[in-house]
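Written below as C-alpha cells is the structure these notes are about.
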Amino acid sequence: MRLILLGAPGAGKGTVAKMLTAIDGSVQISTGDILRAAVKEGTELGKQAEAYMKAGDLVPDELIMGIMKERLKEDDCQQGFLLDGFPRTIPQAEQLKDLLAELGITLDAAVNLDVPREVILDRLTTRRTCEDCGAIYNIKSNPPKVEGVCDKCGGKVVQRADETEEAISKRLDVYEEKTAPLVSFYEKEGLLLNVNATSSEDVVAAIKERLGI
Ligand code: ADP
Ligand code: ZN
C-alpha cells in the first residue's frame, strides 16, 4: 500500500504505520525518525535540523525534500510505503506530487487521523520513545516490561527532547498553522480518508476497508 498518514503530533501515525507494515511489508518512512537518527549520529543533516526540532519548529522544506527524494528511490519502497510525518507543509505536498509523478507512483490514500486536542495532550506527555529503534510506549497505557528499557531491542526508552510541555504546545500550534491545511489539499486531490483515530485498531480497520484488503 502507498499511504500518507496525516494528523497532529500524538494522533498515532507512528503506531498505525507500524501496524500496517505487518500487513503487507510496506515500509514505514518517518521523517521524524530519520531526523532524530541524524541528530544522534551528529551528521551534517542532524546539525542543521537539531535546533528547529528542539524548539518544536519545522525543519526547512529543502532539507526534508532532499531526504525524501533519495528515500523514495530506494528498493524497499517498491513494496509500498507509509509516509509518517511527511508531507508537513503545502510546499512539501506539492513537491511530493511532482516527485511521485516523476517516479510513476500513485498513492492509494491520504489518511487523516482525527483526535481531540485533550487526548493528544495527554498522549504526548505520557509518551516515551526508544532511542535506538523508535518503538513507542506510553507510561500509562503501554509501558515497557522493564522501566526505561525497550522490549524490542533493549535500547533506552526516553522522553523526547521536544516533548516538554512548552515544545508540545508549540508543535500543536505549528501543526494547526502549517500542516492542517493539507487535509483540504488531499480532499481536492480526491485522496482523503478521514478517520476518528481515538483507537489505532479502528484506523487500521478503516484503511483496510478503503483498500479492500
Ligand atoms: P510528531 O509527529 O510527534 O510531531 P515527528 O517525529 O514526526 O513528531 O517530528 C519531530 C520533529 O521533526 C518535528 O517537530 C519537526 O521539527 C521535524 N520534522 C519531522 N518531519 C518533518 C517534515 N516533514 N517537515 C519539517 N519538519 C519535520
Ligand atoms: Zn528499541
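Here the structure is a predicted model, which is why all the values come from computation and not from measurement. As the structure lists them, so they are numbered: ligands from 1, and atoms in each ligand from 1.
Exactly one residue among Asn196, Thr198, Val16, Leu6 makes a side chain to side chain contact (heavy atoms under 4.5 Å, CB included) with Leu113. That residue is Val16.
Using a 4.5 Å heavy-atom cutoff, the side chains of Lys18 and Gln28 are in contact.
For the pair Gln92 and ligand 1, the shortest N or O to N or O distance falls below 3.5 Å. Polar contact check, Asp57 against ligand 1: a nitrogen or oxygen pair lies under 3.5 Å apart. Considering backbone and side-chain N/O atoms, Val59 comes within less than 3.5 Å of an N/O atom of ligand 1. For ligand 1, the polar-atom distance check finds an N/O of Arg36 within less than 3.5 Å of one of the ligand's N/O atoms. Checked by distance only, ligand 1 and Asp84 stay at 3.5 Å or farther apart across all their nitrogen or oxygen atoms. Checked against a 3.5 angstrom limit, the closest N/O atoms of Gly85 and ligand 1 fall inside it.
Between the Asn112 side chain and the Asp114 main chain, no donor and acceptor come within less than 3.5 Å of each other.
Under 4.0 angstrom from ligand 1, the non-hydrogen atoms of Leu35 all belong to its side chain. When non-hydrogen atoms are compared, ligand 1 lies under 4.0 Å from the side chain of Arg127 (C-beta onward) but not from its backbone. Contacts with ligand 1 closer than 4.0 Å are made by side-chain heavy atoms of Arg160 only, the backbone lying farther away.
Closest heavy-atom contact between Arg210 and Leu192: NH1-O, 3.4 Å.
The 12-atom threshold is not exceeded at NZ of Lys208, counting heavy atoms of other residues, nucleotides or ligands nearer than 6.0 Å. Summarising the local packing, CZ of Phe185 is surrounded by more than 12 heavy atoms from other residues, nucleotides or ligands at distances under 6.0 Å. Within a 6.0 Å sphere centred on CG of Asp75, other residues, nucleotides and ligands contribute 12 heavy atoms or fewer.
For Met68, the closest heavy-atom approach to ligand 1 does not fall below 4.0 Å. The shell of residues lying under 4.0 angstrom from ligand 1, judged by heavy atoms, excludes Met65.
Draw a line from the Zn ion (ligand 2) to SG of Cys133 and another to SG of Cys150, and the angle between them is 110° (to 10°). Rounded to the nearest 10 degrees, the angle SG (Cys130) to the Zn ion (ligand 2) to SG (Cys153) equals 100°.
Taking the charged nitrogens against the carboxylate oxygens, Lys152 and Asp132 have no contact shorter than 4.0 Å, which rules out a salt bridge. A salt bridge links Asp33 and Arg36; the closest N-O separation between the charged side-chain nitrogens and carboxylate oxygens is under 4.0 Å. Residues Arg71 and Glu74 are paired through a salt bridge, judged by an N-O separation under 4.0 Å between the basic side chain and the carboxylate.
Between atom 13 (C) of ligand 1 and the options Met53, Arg171, Lys13, Arg88, the minimum heavy-atom separation is to Arg88.
Near Thr31, with a cut-off below 4.0 Å to any heavy atom, the atoms of ligand 1 are 19 (C), 20 (N), 21 (C), 23 (N).
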